[in-house]
Participant: 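There's a structure below that I have some questions on.
The structure displayed is predicted, hence computed values, not measured ones. By convention here, the first residue in the shown sequence is residue 1.
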Amino acid sequence: MGVLKMPQTNEHAAGVAGGSPLYQINAEHLAGLVLAAVVLAAGAWLLRRGAPRLAPVQWLLVALLGTSAAIHAGLALGHDGHGSGVRALFLVDAGLLTVVARRVLRGSRPGRLGAAVLFGSVGAYWASAIAGTSPDQVGIATKLVELLALAIVLRPAPGARSRPVRGFAGSAVTCTLVILTAASSWAGAFRASASEPGHAADHHVHGGSVARPGTVLPLVPMREPTAAERAAATHLLEATRIALARYADPALAAADGYQVSGLAGLDFHAANPAHEKDDRVLDPARPETLVYAVAPDGRPVLMGAMFMMPMGRPGPTIGGPLTVWHGHEHVCFSLTPPGLAGLLSPLGGCPIGTIDVPKTPEMIHLWTVPGAPQPFGDLDDAWKRAYLEATVARP
């Protein structure tokens, strides 16, 4: 069976929605960053004219406090997307951080005021993210700057009693705050993507900058598919079901080059390296990946296939909004054994033993199991479990 000749739409040429601001800089924050850079440059120039004598760690603390204050002020003055209340809070935060920085410049310790201001700023970020504000790299970087400043503030004073105990406590608090900051960033990213209106093929498809974290989607207009698009999608689905029926036996899939070793779970992707390099597009007989799940009795069940494009080429949207391709950005890839191990953390790290893949080729799932509520796109795990339990109950 050769590659299917099917009509293609031009919708894909509209562009691509970046997976999530979690890994990017919100365009609306750029003006704030420019203002922040101007403020920092002016402050550094003023200090050159009459810089006080401070220890290196004090200068570092002043720089961290000044950076955070300048960014907050720049975001408040240069970002029209914030309401007046939020902008006022940014300015208050910038003012308090400046007060603490001036105290350090005069040779005093930041004291409880410094700790309270930094705790408050970090805590406000958590609240905002958990409430559904999508984080970006500016916000995350600013919080890391503040957490480093807080670690300096919490360090014991030279000669203080019980210094080892206080030092350990301060380090524990700082590590905990870093973890909570990363966790709140995840929460904000996923809540923001879940609240986005509009979807196609069970994916969030829209013209904005927020999408499911780690996922890159084409900008497909929200509309009903045409009769021709429905026919093309149905033809592809039926042709794929017929062509892949033999792979219900994983042994036959292995004989044809699919990597079925270690088959387990609800979403096992068995890749075929030879098919990934053959430059065929949407060939029902040669999908790049087969997708299996394991039933409760331990029996492997073929659920469908995943087609993949060569790197840099968009997938043909033969079914219009029914067949939406997607890619992934900043996924963590394990080499031993090969496979996806998750997403890059908000703080820029992958699990030990994995590497960051900045962007994958475009791909689309096609579910060949009967009764799948959405043959293209995502298939809910709860539906998969119900289907697998039903297959066990069949005579």
Side-chain angles (χ1 to χ4, degrees), residues 1-8 201-203 229-310 313 315-319 322-326 338-340 360-381 383-392 394:
M1 184 180 295
V3 181
L4 293 180
K5 301 297 184 181
M6 288 177 273
Q8 300 184 14
D202 238 16
H203 289 305
E229 290 169 341
R230 286 189 182 276
T234 300
H235 178 44
L236 173 63
L237 178 61
E238 293 302 324
T240 304
R241 280 176 175 160
I242 295 171
L244 301 188
R246 64 193 302 268
Y247 293 139
D249 183 355
L252 295 180
D256 284 351
Y258 288 98
Q259 300 172 337
V260 298
S261 177
L263 199 159
L266 291 175
D267 194 41
F268 184 86
H269 283 55
N272 190 318
H275 291 183
E276 292 176 358
K277 301 174 183 178
D278 63 9
D279 205 32
R280 289 173 174 253
V281 175
L282 279 182
D283 186 343
R286 296 174 64 86
E288 285 72 23
T289 301
L290 299 176
V291 184
Y292 289 90
V294 177
D297 63 353
R299 178 163 50 96
V301 177
L302 177 65
M303 302 296 287
M306 185 182 77
F307 295 94
M308 185 178 295
M309 294 296 297
R313 289 174 56 185
T317 53
I318 62 165
L322 293 176
T323 53
V324 179
W325 293 68
H326 70 280
L340 296 180
T360 67
E362 288 197 2
M363 59 196 76
I364 188 171
H365 288 85
L366 192 156
W367 306 104
T368 57
V369 289
Q374 176 50 259
F376 304 92
D378 292 340
L379 195 58
D380 183 68
D381 283 350
W383 189 93
K384 292 178 186 177
R385 292 189 183 94
Y387 175 81
L388 294 172
E389 291 174 358
T391 61
V392 173
R394 293 171 188 165

Participant: Y247: which residues meet the ring-ring contact (aromatic ring centres under 6.0 Å, His included) condition with it, sequence neighbours left out?
Facilitator: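 Y247 satisfies ring-ring contact (aromatic ring centres under 6.0 Å, His included) with Y258 only.
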
Participant: Are D380 and D378 side-chain neighbours, meaning at least one heavy-atom pair lies under 4.5 Å?
Facilitator: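 A side-chain contact is absent here, since even the closest heavy-atom pair is not under 4.5 Å.
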
Participant: Output the distance between atom OG1 (T289) and atom CG (N272), rounded to the nearest 0.5 Å.
Facilitator: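 Atom-to-atom, T289:OG1 and N272:CG are 8.0 Å apart.
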
Participant: Kindly state each residue pair satisfying salt bridge (charged side-chain N to carboxylate O under 4.0 Å, His left out) with at least one member in residues 289-308, sequence neighbours excluded.
Facilitator: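 Only D297-R299 qualify under salt bridge (charged side-chain N to carboxylate O under 4.0 Å, His left out).
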
Participant: Over all heavy atoms of both residues, which pair between E288 and R280 is shortest? Give the atoms and the distance, please.
Facilitator: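 Shortest heavy-atom contact: OE2-O, 3.5 Å.
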
Participant: At what distance, to the nearest 0.5 angstrom, does OG1 of T360 lie from CE of M308?
Facilitator: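 Answer rounded to 0.5 Å: 6.5 Å.
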
Participant: Measure across Y292 and P250 and return the closest heavy-atom pair with its distance rounded to 0.1 Å.
Facilitator: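 In this case the closest contact between Y292 and P250 is OH-CA, 3.9 Å.
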
Participant: Can you tell me if E362 uses its side chain to pair, donor with acceptor, with the backbone of M309 under 3.5 Å?
Facilitator: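 Judged by distance alone, no pair lies under 3.5 Å.
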
Participant: According to salt bridge (charged side-chain N to carboxylate O under 4.0 Å, His left out), does anything in residues 363-375 pair up with another residue at least two apart or in another chain? List the pairs.
Facilitator: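 Matches after skipping sequence neighbours: none remain.
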
Participant: Apply side-chain contact (heavy atoms from CB on, under 4.5 Å) to P273 and list each qualifying residue two or more places apart in sequence or on a separate chain.
Facilitator: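 By the side-chain contact (heavy atoms from CB on, under 4.5 Å) rule, P273 matches Q259.
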
Participant: Please give me the minimum heavy-atom distance between F376 and L322, naming the atom from each residue.
Facilitator: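 So the two residues come closest at CB-O, 3.3 Å.
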
Participant: When you compare the side chain of F307 with that of V281, does any pair of heavy atoms fall below 4.5 Å?
Facilitator: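 A side-chain contact is absent here, since even the closest heavy-atom pair is not under 4.5 Å.
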
Participant: Just wondering, do L366 and P375 contact through their side chains at under 4.5 Å, heavy atoms?
Facilitator: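 The answer is no, as the side chains (C-beta and beyond) never meet within the 4.5 Å cut-off.
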
Participant: For the residue pair T240 and P287, establish whether any side-chain heavy-atom pair is separated by less than 4.5 Å.
Facilitator: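 They are not in contact (no side-chain heavy atoms under 4.5 Å apart), so the answer is no.
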
Participant: Do the side chains of L388 and P296 get nearer than 4.5 Å, heavy atoms only?
Facilitator: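 With C-beta onward as the side chain, the pair touches.
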
Participant: For the residue pair H365 and M303, establish whether any side-chain heavy-atom pair is separated by less than 4.5 Å.
Facilitator: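 SC-SC contact between H365 and M303 ruled out.
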
Participant: Between W325 and P316, which heavy-atom pair has the shortest distance, and what is it?
Facilitator: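 Taking every non-hydrogen atom into account, NE1-O, 3.0 Å.
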
Participant: Taking all non-hydrogen atoms of both residues, which atom of G319 and which atom of A233 are closest, and how far apart?
Facilitator: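 Heavy-atom minimum between the residues: CA-CB, 4.4 Å.
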
Participant: Just wondering, do V294 and F268 contact through their side chains at under 4.5 Å, heavy atoms?
Facilitator: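 No, every pair of side-chain atoms sits at 4.5 Å or beyond.
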
Participant: Can you tell me how far the CG atom of L244 sits from the CG atom of L302, to the nearest 0.5 Å?
Facilitator: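 Between atom CG of L244 and atom CG of L302 there are 6.5 Å.
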
Participant: Do T317 and V324 have side chains that get closer than 4.5 Å, going by heavy atoms?
Facilitator: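 When only atoms from C-beta onward are counted, V324 and T317 do not touch, as no gap falls below 4.5 Å.
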
Participant: Output all residues satisfying side-chain hydrogen bond (donor to acceptor under 3.5 Å, both in side chains) with R313, sequence neighbours left out; order by chain, then residue number.
Facilitator: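 R313 satisfies side-chain hydrogen bond (donor to acceptor under 3.5 Å, both in side chains) with D279 only.
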
Participant: Looking only at heavy atoms, which two atoms of A253 and L290 are closest? And how far apart?
Facilitator: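 That closest heavy-atom pairing would be CB-CD1, 3.8 Å.
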
Participant: Apply side-chain contact (heavy atoms from CB on, under 4.5 Å) to D381 and list each qualifying residue two or more places apart in sequence or on a separate chain.
Facilitator: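 Checked D381 against side-chain contact (heavy atoms from CB on, under 4.5 Å); matches are L266, K384, R385.
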
Participant: Could you pull out all residues at least two apart from E276 that satisfy side-chain hydrogen bond (donor to acceptor under 3.5 Å, both in side chains)?
Facilitator: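 None.
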
Participant: For residues 238-248, which residue pairs pass the salt bridge (charged side-chain N to carboxylate O under 4.0 Å, His left out) check, not counting sequence neighbours?
Facilitator: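 Only E238-R241, R246-D256 qualify under salt bridge (charged side-chain N to carboxylate O under 4.0 Å, His left out).
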
Participant: Measuring from atom OG1 of T323 to atom CZ of R230, what distance do you get when rounded to the nearest 0.5 angstrom?
Facilitator: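 One gets 11.5 Å once the value is rounded to the nearest 0.5 Å.
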
Participant: Sequence neighbours left out, what passes salt bridge (Lys or Arg N to Asp or Glu O under 4.0 Å) with D249? Give chain and number order.
Facilitator: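 D249 satisfies salt bridge (Lys or Arg N to Asp or Glu O under 4.0 Å) with no residue once adjacent residues are dropped.
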
Participant: I'd like to know if the side chain of W367 and the backbone of G377 have a donor-acceptor N/O pair within less than 3.5 Å.
Facilitator: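 Present.
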
